[in-house]
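From a predicted model like this one, the values you see are computed outputs, not experimental measurements. Residue numbers begin at 1 in each chain, while the letters A, B, ... track the order of the sequences.
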Amino acid sequence: MNTELLGVVATFIITLAIGIPLGKYISKVFKGEKTILDFMAPLERFIFRICGIDPTKEMNWKQHVAALLSLNLLWFVYAFVMFLFQGSLFLNPDGNPSMSPHLSFNTAASFLVNCNLQDYSGETGVTYLTQLAVLMFLHFVSAATGIAALVVVFKAMREKVTDKLGNFFEIFVKSITRILLPISLVIALLLVFHGTPASFDGKDQLITMQGDTAHISRGPAAGMIAIKHLGTNGGGWFGANSAHPLENPDYFTNMVEVIAQVIIPVALIFALGHYLSRKRLAWVIFGVMTIGVLIFLYPALHAEIKGNPAIAQMGPSSSGGNMEGKEVRFGAPASAYWCILTTVISTGSVNSMHDSFMPVSGCMQLLGMMTNCFYGGNGVGILNYYIFLIIAVFISGLMVGRTPEFLGRKIEAKEMKIATIIALLHPLLILAFTALASFGLVRDPSLPWLNNPGYHGFSEMLYQYTSCSANNGSGFEGLGDNTPFWNITAGFVMLLGRFLPIIGPIAIAGILAQKKYIPESSGTLRTDTGTFGLMTYAVIMIVAALAFFPALTLGPLAEYFSRH
Amino acid sequence: MTSERKKAKTMKLFEGGLVKEALKHAFVKLDPRIMVRNPVMFTVEIGTAVMLLVIVGILFTHTHDQGSLGYNIFIFVVLLLTLLFANFAEAIAEARGKAQAESLRKTREETPAKLIAPVGELRVDEIQVVSSSSLKKGDVFLCETGDIIPTDGEIIEGLATIDESAITGESAPVIREAGGDKSSVTGGTKVLSDRIKVKVTTEPGESFLDKMIALVEGASRQKTPNEIALTILLAAFTLVFIIVCVTLKPFADYAKTPITIAALISLFVCLIPTTIGGLLSAIGIAGMDRALRANVITKSGKAVETAGDIDVLLLDKTGTITIGNRKATNFYPSNGVNAEVFQERAVLASLADETPEGKSIVELAKTLGGKTQASDTLLAEARFVKFTAETRSSGIDMKNGTRIRKGAFDSIRNISEKAGNAFPEETVIKVKEISSNGGTPLVVSENEKVIGVIELQDIIKPGISERFERLRKMGVKTVMVTGDNPLTAKFIAEKAGVDDYIAEAKPEDKMNYIKKEQISGKLVAMMGDGTNDAPALAQADVGVAMNSGTQAAKEAGNMVDLDNDPTKLIEIVEIGKQLLITRGTLTTFSIANDVAKYFAIVPALFIASIPALQHLNIMNLKSPESAILSAVIFNAIIIPILIPLALRGVEYKPIGASALLRRNLLIYGLGGILVPFIGIKIIDLFIGMFF
């Protein structure tokens with residue numbers, strides 16, 4: 001095995017080494033057990049007091065949903081207004097302009113929902129004020145929203161029959177003070193030591209070797225880059241995201257960033273095991289998710305390391321793999337690893353240009369977002385997986401001759417209705433809007449949307465809506481997306497793709513928690529076995545991936561086969 | 001006897017007459033108003049209608065951008081067949097269920113009934129012979145020796161022996177009498193002796209059988225909760241593929257690949273779960289039908305479903321775990337008493353004893369070769385002493401003054417101690433020994449002197465412990481209910497292999513036990529016959545009333561067992577599980593089929609304009625037309641191929657949930673992926689000759 005591949009393996013092992021104990025810690029935080037960060041308690045009490053929150057007041061699932069939605073609505077209005085007027089506000093040393101209303105809408109939605117699709121470029125489109133007080137703020141709260149929603153589901157999965165599922169605000173605040181804030185502080189420091197800027201001085205100037213004057217954008221970036229990964233957000237400080245040398249200076253920071261974006265999703269799986277005392281279940285979920293990731297990762301690694309046959313035909317050696325759109329300091333394997341990880345979880349930050357990957361890798365990136373539940377975003381990954389779990393439980397429960405039950409609760413028509421609506425939503429949003437865009441282009445082929453014609457152009461559109469619906473935020477680029485059509489449709493897709501899949505699992509879990517608890521017997525279908533894991537994987541692939549087969553055929557598959 | 005009857009009842013899967021009727025109904029069910037109940041097949045019907053329009057369009061415009069006329073007609077016919085096959089599956093299941101129920105009902109139709117009509121001021125009863133179908137609830141009729149009982153009712157006067165073999169298949173006549181738990185009679189059974197007055201308990205057309213027939217028929221068949229949930233899942237799968245197919249049109253337009261309407265509809269019909277969608281109602285009806293074949297009438301489809309989930313089974317000891325009643329197994333004379341003499345005395349004390357225990361004492365003596373026939377002169381002058389609750393003993397007073405008594409240990413001890421006779425030590429020890437072995441001791445005294453003890457033992461049914469083991473593997477806990485003392489109960493429970501027991505059970509104990517289990521989330525099934533069982537039958541999740549039981553019991557339960565067979569519960573649980581498994585496996589199979597169908601149709605759609613996609617045609621199907629036709633044909637014929645499986649049900653194996661899942665996933669999941677690859681390829685080899 002060569003060093004480049006070893007680097008990928010080492011990155012994954014370090015992720016586990018941090019993620020597993022972190023899971024135990026997260027479970028302790030939400031169980032209210034003693035942890036090393038208990039010194040944050042006074043700060044939390046202070047927040048509760050000034051906000052007038054009684055953290056001991058327990059809520060039912062509907063109250064949780066109401067709290068979650070009203071908080072988010074508040075932030076959305078705040079962000080939208082700030083972008084509209086940022087040009088005339090303070091902390092704008094580079095003199096960047098205000099955003100157009102449709103771009104404001106798109107950007108506010110995008111960061112609110114943890115998607116971080118950026119139809120603007122960080123250097124010129126936002127100010128230091130909006131970067132810090134809006135974007136970075138949303139990085140924290142959107143990640144904490146996901147974690148808090150998941151913790152509510154954890155509470156509902158306990159054996160107790162109850163409608164009391166803790167206090168949303170308490171869970172939310174603790175997600176920030178006990179998890180996100182301390183860990184991003186550590187990551188930010190690591191980045192700063194390796195050259196990421198953290199300064200309020202505005203653009204730097206330097207004279208190039210040719211004697212030209214160049215202006216280098218910088219700013220207080222390190223903190224935002226830390227939370228953008230830890231929070232599976234992905235919206236970077238600079239336009240080029242983590243391919244930018246100041247955002248991701250070297251191989252070490254590359255490792256830090258790619259680890260940072262996976263540790264919370266991985267840790268939350270183990271947190272589930274500890275919280276419910278069902279460690280086996282956690283390992284089976286982890287196993288299914290990991291196999292899911294590896295099945296996407298292998299073809300991508302293979303294709304990128306092998307390089308581009310079209311370039312090889314022209315003469316240049318492609319021994320370093322497919323290096324178009326990639327950074328030399330990372331190389332092909334580390335970029336391939338990053339591109340799959342950033343798409344299966346909903347980060348969407350990039351350290352190389354996805355548009356330039358081989359068609360197979362592009363297909364795997366798309367599949368990563370289409371399934372959207374292998375690790376997945378902070379909290380929401382497991383919530384998405386939960387939906388498929390319910391469907392898998394239903395079918396396999398029937399297959400063993402019992403009306404289906406999950407963790408001691410019967411799955412009936414109401415739960416199935418919610419689960420299927422959520423499972424349907426993702427293909428509906430992606431396919432319907434891509435169809436709309438395709439229709440637009442058929443009607444008026446002169447629309448200046450696509451950089452590439454044919455299959456690749458189709459992939460660009462498909463990727464855009466997939467990324468929005470999965471709240472991923474990465475772009476295939478090449479798409480001229482800062483237009484009213486793209487800004488507005490993408491904004492709606494992001495909002496729907498965020499909140500319905502959060503409400504659905506909370507509703508199902510909340511309804512189930514009020515049902516009679518049935519103790520396990522030898523006739524009960526166990527959900528913590530390999531067979532059941534396989535069943536869940538099959539359901540995910542058939543429901544989430546197969547629905548996209550015709551679309552993928554016209555995009556990356558057609559491109560792939562045309563080249564061979 | 002029972003097995004013979006079962007064989008006779010196993011109908012051929014496709015009986016000529018039924019098939020003809022089902023074929024007719026397959027067409028009737030094309031009515032969209034009926035079809036809309038099944039969302040999956042309804043969308044297929046819409047697709048078929050669109051194809052018809054396309055054909056009409058081609059006929060009028062003579063254009064060829066939608067493919068040739070023949071090809072479009074072929075697709076239309078295959079889609080129509082898909083619908084008819086699905087309708088046929090449901091119709092044949094209905095026809096079988098109805099036929100089964102009708103054959104039971106026939107016996108009781110149009111039999112003459114001797115209606116007792118109160119007439120005149122003096123209300124002198126007059127007997128009118130009317131047709132059984134005109135009997136109304138509350139009417140009273142008379143039945144005498146040789147009469148067929150015209151309808152279900154309750155005896156209000158008299159006692160009769162009745163031959164119930166027409167319903168239960170059991171040839172031994174049973175005694176039914178007014179009052180108490182044995183007062184119920186069933187229509188179609190025959191009075192062998194005596195005369196009874198019976199009050200009609202159901203309105204015509206509302207007997208359990210009528211209700212059952214209505215359940216099987218489409219009109220009043222309500223979907224069960226699990227069926228509803230599954231229908232939602234299937235509807236969701238259908239919706240996904242509506243989205244997939246509708247959006248494919250603009251995608252293809254963008255890629256400048258024209259897709260014909262026939263191809264789009266074919267893709268859609270192949271992808272939606274038509275296999276399970278077409279068989280779903282047949283599976284449900286077949287489940288009730290299987291129950292009926294086991295001679296169990298269910299009052300709702302839900303009850304059968306619930307039976308598969310049962311966690312706890314309450315079983316009466318007598319008749320279920322043990323054979324009928326206790327039997328005498330041994331004579332133990334006291335010291336100094338001749339064994340033969342003791343045996344003779346025991347027989348004498350039991351001669352007039354009509355209870356099964358008493359008879360078994362005589363039988364045992366006979367098999368031991370002792371004297372069992374007392375001389376007539378001896379008996380002629382003798383006086384029999386009947387068992388009373390007060391003395392708790394029975395026996396005989398002979399002419400020569402000998403008084404023989406047999407009874408429970410303490411009652412005989414009283415007698416002997418009153419007379420000043422000591423109770424022999426060795427017999428006390430024997431009595432204790434018998435009790436601790438699960439037996440019942442009967443002490444015999446002669447002239448107030450204890451002469452020995454008879455051992456009565458419960459005989460546990462052969463093979464019953466294996467059945468309990470099977471239930472345990474299913475995750476069902478068995479509970480024995482008995483009136484015995486705890487010591488005896490414990491012994492029998494251990495010997496039979498039940499998990500728990502309720503000793504010295506009173507009716508309210510059953511109720512409390514059921515409630516206790518239900519509070520902890522368990523589903524409980526029980527069987528009962530008496531009026532005092534009714535509350536518990538109603539409380540249980542599955543309450544099976546015996547047909548011989550009282551009307552109250554039958555109303556309270558949600559199933560009625562015509563055989564009065566207490567082990568039937570075990571069968572019912574398996575029927576319930578089988579029903580769910582059949583649904584689950586066919587759903588899995590249906591959905592797994594999609595993989596192959598995608599690989600057949602998707603390349604076929606685009607190959608004309610994107611030749612590179614030939615690589616996706618991994619089955620190497622001949623042409624786009626033959627690929628699409630092969631896929632729709634496979635999709636259609638898999639429905640009739642699976643009808644036998646849907647009607648018979650997928651076998652349940654008690655091998656533990658995880659092992660069962662693994663097994664079914666392998667057969668129906670992996671099989672569901674592979675079979676269509678092979679099937680479509682084979683069909684393509686034929687179709688390819690024409691297209």
Below 4.5 Å from any heavy atom of chain A, which atoms of [X] appear? Answer side chain, backbone, both or neither.
X         : answer
Val602(B) : side chain
Tyr668(B) : neither
Phe606(B) : side chain
Arg472(B) : backbone
Gln518(B) : backbone
Val595(B) : both

If the test is side chain to side chain contact (heavy atoms under 4.5 Å, CB included), which one of Leu580(B), Leu665(B), Leu586(B) qualifies with Met399(A)?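 Running side chain to side chain contact (heavy atoms under 4.5 Å, CB included) over Leu580(B), Leu665(B), Leu586(B) with Met399(A) returns exactly one hit, Leu665(B).
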
Interface moiety of [X] toward chain B, non-hydrogen atoms closer than 4.5 Å:
X         : result
Met541(A) : neither
Thr529(A) : side chain
Leu554(A) : side chain
Leu462(A) : neither

Mind checking whether Asp500(B) and Thr478(B) have side chains closer than 4.5 Å, heavy atoms only?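 No; the side chains remain at least 4.5 Å from each other.
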
Contacts of residues 405-415 of chain A with chain B (heavy atom under 4.5 Å):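 Result: Lys410(A), Glu412(A), Ala413(A).
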
Residue pairs, two or more places apart or on separate chains, that pass ring-ring contact (aromatic ring centres under 6.0 Å, His included) and touch residues 515-535 of chain A: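 Residue pairs with at least one partner in residues 515-535 of chain A: there are none.
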
